[in-house]
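Small disclaimer: the values here were computed from a predicted structure and weren't measured. We use all heavy atoms of the structure for the numbers below, so side chains are in, but hydrogens, waters and symmetry mates are not. All chains are named by letter (A, B, ...) in the order of the sequence lines, taking the proteins before the strands, and each is independently numbered beginning at 1.
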There are 2 protein chains.
Amino acid sequence: MTVTIYDVAREAGVSMATVSRVVNNNPNVKPQTRKKVFEAIERLGYRPNAVARGLASKKTTTVGVVIPDISNAIFAEVARGIEDIANMYHYNIILCNADKKKDKEIRVINTLLEKQVDGLLFMGGTVTEEHSQAFKTANVPIVLCATTDENGEIPSVDIDHEAAAFDAVQVLIKQGHTSIGMISGTLQDPANGYARFQGYKRALQTAGISYDEELVRIGNYRYESGVDAMKYFLELPKRPTAVFSATDEMAIGAIHCIQDFGLKVPEDISVISVDNSRMASMVRPQLTAVAQPMYDIGAVSMRLLTKLMKKETVEHAKVVLPHEIVTRQSVGDK
Amino acid sequence: MTVTIYDVAREAGVSMATVSRVVNNNPNVKPQTRKKVFEAIERLGYRPNAVARGLASKKTTTVGVVIPDISNAIFAEVARGIEDIANMYHYNIILCNADKKKDKEIRVINTLLEKQVDGLLFMGGTVTEEHSQAFKTANVPIVLCATTDENGEIPSVDIDHEAAAFDAVQVLIKQGHTSIGMISGTLQDPANGYARFQGYKRALQTAGISYDEELVRIGNYRYESGVDAMKYFLELPKRPTAVFSATDEMAIGAIHCIQDFGLKVPEDISVISVDNSRMASMVRPQLTAVAQPMYDIGAVSMRLLTKLMKKETVEHAKVVLPHEIVTRQSVGDK
DNA sequence: CTGTTAGCGCTTTCAA
DNA sequence: TTGAAAGCGCTAACAG
């Protein structure tokens with residue numbers, strides 16, 4: 001039924017070892033022999049069995065990717081960066097959605113490890129003690145992607161979320177705004193939630209603006225929650241003149257909410273966010289945002305993982321990618 | 001270093017076979033023995049090696065997924081449907097982007113087959129003879145996802161793209177429009193391109209409207225190409241009063257182009273599309289669209305694949321999922 | 001209910 | 001430059 005390396009060996013009149021060498025591009029094979037083997041392979045339609053190879057060589061050329069939700073544009077972009085680089089280095093990726101749920105994350109990490117992945121890319125919610133524990137029992141390298149661990153022991157690739165938020169709010173402040181609302185993610189989320197909120201507070205503080213908790217609403221990163229948060233702000237007796245959103249999608253919700261209310265962006269209210277997904281230029285007015293290089297985060301973390309898997313020494317196991325402000329049309333003077 | 005089933009057997013004072021039974025939930029094990037084994041597993045921190053298991057059992061509980069581009073929202077949604085169901089049936093997925101490029105597709109199909117996936121989900125451009133050939137040499141089931149093959153030999157899950165387009169254009173016609181532009185995908189793309197274009201033409205014909213090739217522009221599914229196409233229409237001496245776009249994203253580009261031009265949607269020009277991605281409700285006016293159930297296409301195709309992998313007999317190997325019109329605000333009277 | 005024993009298809013010394 | 005042979009860690013008859 002299935003053609004094995006042994007069949008090829010017999011057909012070509014050589015040993016299994018020789019066929020193996022040919023298949024693996026080992027130079028120690030006489031060209032003539034190589035040719036014979038290739039012909040036999042062709043004739044028999046031989047297809048190497050990667051599972052058997054994996055068992056014998058203890059390498060699967062497969063890496064595991066734990067992702068919150070592939071249907072989220074932001075993560076999908078990271079995934080694409082990962083896959084492109086993986087592909088370049090001849091790795092395949094096993095993708096697992098874990099929805100930032102700790103239990104699910106731990107479960108898939110173990111499954112992935114059972115499948116003998118050569119490395120693991122983890123993109124999730126908080127990295128708890130339990131996560132670290134699971135990582136420790138893996139004897140393959142792990143890279144955190146778009147997250148970091150508190151104690152900074154695990155290699156990671158991310159942006160500085162706090163600074164990104166700080167910079168975004170600074171843009172608003174520079175335009176003269178002093179009443180600045182924030183649509184935040186859950187504070188349980190260390191990167192997209194908590195850190196960005198901290199950046200917001202620090203920017204306010206630096207500018208000598210007092211923090212008003214009435215001006216902070218927690219959303220769930222989705223469009224609708226941006227709409228809801230904005231609705232709340234608009235009904236405030238003294239509503240903010242600018243809003244900082246933790247994500248593009250909520251920002252777009254906010255913009256539409258403002259427009260539906262009969263006000264204009266940025267004339268009446270300015271809006272800025274962090275992300276700069278493709279959607280940012282797909283709204284009117286186009287969204288000014290701090291760009292988070294999602295594709296690069298994926299690509300760089302995969303590249304880092306390849307180095308780790310090859311046991312190359314890496315100087316910077318904690319890489320912080322730069323973010324930048326992309327000025328479009330949603331921010332104006334106070 | 002690594003603890004194997006043999007180590008567990010020794011530790012528990014039983015044979016490998018018994019450990020294997022315990023690990024695989026085989027009922028033929030005395031509860032007491034089972035307990036002993038579990039304790040040994042716990043004590044040693046044993047983690048079954050899925051690669052060895054795969055080699056011995058000839059099953060990897062892994063399926064391959066060939067996808068055009070995971071960073072495209074539409075496909076990401078399908079992927080999520082696939083993964084959710086895969087997960088439910090204890091399969092993992094190896095994800096490969098192939099950008100609808102034939103060579104790349106063939107290449108990843110072979111890699112996936114080498115990795116001994118238990119089944120394959122193919123989402124791509126055209127299914128050529130070469131594809132069929134590659135599928136034939138696989139001795140695992142294949143399901144086409146959001147595509148179909150011409151001769152209809154391969155199981156598949158998709159919507160009726162021609163009918164979806166027909167229905168969309170009908171909506172416009174019913175509102176009295178007779179001058180209807182189309183922003184199409186490339187006609188090389190059988191499903192999203194050609195079929196939708198055919199549906200457009202048939203709707204026109206059915207309504208007795210003559211086809212005018214000036215009113216058809218080919219885009220690349222992206223926002224910008226929607227803008228460009230619409231710009232072209234707006235400059236026409238006699239511009240259309242309604243536009244049918246093959247995808248949401250191009251439709252949104254068209255809407256913004258119309259608005260930037262100083263006209264209103266739907267008062268001046270109506271816009272409808274096929275997709276109904278989350279973005280459809282993230283524009284003003286919200287987009288009326290024919291909904292393509294992407295998540296379901298993924299879920300159903302994965303479900304179908306599980307049946308095929310279990311060698312269950314399936315009555316309908318060609319499933320056509322229903323589409324529906326989601327009326328929002330972008331379509332009005334002529 | 002449990003153990004013995006062949007493999008699964010390949011890589012990798014080691015020797016020639 | 002090539003071959004022989006010993007595993008890799010597990011499953012799956014088969015026997016008891």
Practice problem: Report the residues that fulfil salt bridge (charged side-chain N to carboxylate O under 4.0 Å, His left out) with B/D69, sequence neighbours left out, ordered by chain and then residue number. | Solution: A/R80

Quiz item: To the nearest Å, how far apart are A/E114 CD and D/dC10 C1'?
Solution: 13 Å

Quiz item: By a strict heavy-atom criterion of less than 4.0 Å, which residues belonging to residues 19-36 of chain B are in contact with DNA chain C?
Solution: B/R21, B/N28, B/V29, B/K30, B/T33

Write out a two-atom table: protein N or O, nucleotide N or O from nucleotides 7-9 of chain D, distance below 3.5 Å.
residue	atom	partner	partner atom	Å
D/dC8	O3'	A/K58	NZ	3.2
D/dC8	O2	A/A56	N	3.3
D/dG9	OP1	A/K58	NZ	2.9
D/dG9	OP1	B/T2	OG1	3.3
D/dG9	N2	B/A52	O	3.3

Exercise. Only counting residues at least two apart or in another chain, list the ones meeting side-chain hydrogen bond (donor to acceptor under 3.5 Å, both in side chains) with A/Y194.
Key: A/Q198

Quiz prompt | With B/Y46 via ring pair (Phe, Tyr, Trp, His ring centres under 6.0 Å) - residues at least two apart | solution = none

Quiz item: 5' to 3' on DNA chain C, which nucleotides open and close the contacts with chain A (atom under 4.0 Å from a heavy atom)?
Solution: C/dG9 to C/dT12

Self-check item: Results of ring pair (Phe, Tyr, Trp, His ring centres under 6.0 Å) for B/F75 - residues two or more places apart only
Solution: none

Quiz prompt | B/E77: side chain to side chain contact (heavy atoms under 4.5 Å, CB included) partners, not counting sequence neighbours | solution = A/S71, B/M294, B/Y295

Quiz prompt | Sequence neighbours excluded, every pair satisfying salt bridge (Lys or Arg N to Asp or Glu O under 4.0 Å) that has a member inside residues 128-142 of chain A | solution = A/K102-A/E130

Quiz item: Charged N to carboxylate O under 4.0 angstrom, A/D149 versus A/K318?
Solution: yes

Quiz item: With A/H131, which residues qualify under ring pair (Phe, Tyr, Trp, His ring centres under 6.0 Å), at least two apart?
Solution: A/F122

Practice problem: List the atom of B/G125, the atom of B/T147, and the distance in Å for their closest heavy-atom pair. | Solution: O-CG2, 3.4 Å

Quiz item: How would you list all residue pairs meeting salt bridge (Lys or Arg N to Asp or Glu O under 4.0 Å) that involve residues 4-28 of chain A, not counting sequence neighbours?
Solution: A/D7-A/R10, A/E11-A/R43

Quiz item: Does a side-chain N-to-carboxylate-O contact under 4.0 Å join A/D296 and A/R303?
Solution: no

Quiz item: Can you tell if the side chain of B/N192 reaches within under 4.5 Å of the side chain of B/H161, non-hydrogen atoms only?
Solution: yes

Exercise. Specify the angle, to 10°, made by the local axes at the two ends of the helix from C/dC1-D/dG16 to C/dA16-D/dT1 when five pairs are taken at each end.
Key: 30°

